[in-house]
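What follows is a short report on a single structure.
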There are 2 protein chains.
Amino acid sequence: MTFTIAEAAQRTGLTAHTLRYYERDGLLLDVVDRAPSGHRRYTEDDVTWITMLTRLRATGMPIREVRTYADLVRGGDGNERERLELLLTHREKVLADLEEVRAHLEAIDTKIELYRSRLARPARRRSA
Amino acid sequence: MTFTIAEAAQRTGLTAHTLRYYERDGLLLDVVDRAPSGHRRYTEDDVTWITMLTRLRATGMPIREVRTYADLVRGGDGNERERLELLLTHREKVLADLEEVRAHLEAIDTKIELYRSRLARPARRRSA
DNA sequence: GCTTGACTTGGAGCGCACTCGAAGTCGGAG
DNA sequence: CTCCGACTTCGAGTGCGCTCCAAGTCAAGC
């Protein structure tokens, strides 16, 4: 079972443009198979890998670093420790980001409460 | 008590360049005061407002929308409900983002556990 | 046989948010 | 009086991550 680029796009939530861009940019593990017509045919494994890419991207990993990770995986067995390191480092960054956003959101919530209480009072301006 | 641009930068975590850029871009409530020399002098209120901007930015609000918010505040009393709406809408987006990142991180954590258990086993390749 | 539409390539273009550079002004220290 | 460093403006440049375009190919349906 293989997928056209449109099907792969639909399954990964990316566009066909982005899929080609990722491939050009070395983010995929190897060159995608082709139909006799020259059209790309994505395997289940391709889609699984690309899904992992989207997770890394969605959590803020820069494309440069995703490529580093892809390079390691492409390198085959023997560098699992490096891969793990990379993922753990990323994990820490994500947790720090989450915490930072959470803290900012809390301050924004305070502002929201301020507006709420201001609006709860009847307007005093021009109340004649 | 007022601050030079360098002091305001230090207090808000932005650069002097960015502070000028924000002002040019209409993100501040009004034109910053000047010393007789022409140098900017930021008030406490300016710094408080800019801090709010950094919170909106840090939670992913685009500059365009921050400007919309600034325009409302600059508009004075009477549009508090609109401001509240804007903040509430933003809040929902941030919560959705947080949840999405959290979910992706969970999948990455699974991958991390996979590497961990793989590394826990002694290597079998070329074990001769 | 013709049309339609999904695909191909290489390269250009875009939106966002800064970030920097050049050239000039000003106040205060030595 | 001279120098230094912090500031000023305007406009150009940068990095990231796509996003799109033009021109061409191919398979399938009518």
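Scope of the values below: all heavy atoms of this structure, side chains included, with no hydrogens, waters or symmetry mates. In what follows, chains carry the letters A, B, and so on, assigned in the order in which the sequence lines appear, proteins first and then strands, with residues in each chain numbered from 1.
- When distances run from any side-chain atom of Ser37(A) to the nucleotides dG17(D), dC26(D), dC7(D), the shortest one goes to dC26(D).
- Contacts of Pro62(A) with the nucleic acid, taken as non-hydrogen atoms under 4.0 Å apart, involve only primed sugar atoms and P, OP1 or OP2.
- Side-chain atoms of Arg40(B) lie closest to dT8(D) of the nucleotides dC16(D), dC18(D), dT8(D).
- Between Trp49(B) and Leu28(B) the shortest heavy-atom distance is NE1-CA, 3.7 Å.
- Arg20(A) has no carboxylate O lying under 4.0 Å from a charged side-chain N of Glu23(A), or vice versa, which leaves the two without a salt bridge.
- The side chain of Ile5(B) sits closest to dC7(D) out of dC7(D), dT19(D), dG17(D).
- A salt bridge links Asp25(B) and Arg67(B); the closest N-O separation between the charged side-chain nitrogens and carboxylate oxygens is under 4.0 Å.
- With a heavy-atom cut-off of 4.0 Å to chain A, the contacted part of DNA chain C has its first and last nucleotide at dC7(C) to dG11(C).
- In the set dC16(D), dG11(D), dC21(D), the nucleotide with an atom closest to the side chain of Arg24(B) is dG11(D).
- Under the 4.5 Å side-chain heavy-atom criterion for grouping Ile, Leu, Val, Met, Phe, Trp and Tyr, Val94(A) is not connected to Leu114(B) through any hydrophobic cluster.
- Which of dC18(D), dC7(D), dT9(D) sits closest to the side chain of Ala6(B) comes down to dC7(D).
- Each end of the helix from dG1(C)-dC30(D) to dG30(C)-dC1(D) yields a helix axis from five base pairs, and these two axes differ in direction by 10° (to the nearest 10 degrees).
- Look at Arg102(B) and Glu106(B) and you find a salt bridge, because one of the NZ, NE, NH1 or NH2 atoms lies within 4.0 Å of a carboxylate O, short of that distance.
- Arg81(B) CZ: 12 or fewer foreign heavy atoms inside a 6.0 Å radius.
- Base engagement by Arg20(A) is indicated by at least one non-hydrogen atom pair under 4.0 Å involving a base atom.
- For the residue pair Asp71(B) and Gly26(B), the shortest heavy atom distance occurs at OD1-O, 4.5 Å.
- For CD of Gln10(B), the number of neighbouring non-hydrogen atoms (other residues, nucleotides, ligands) closer than 6.0 Å is 12 at most.
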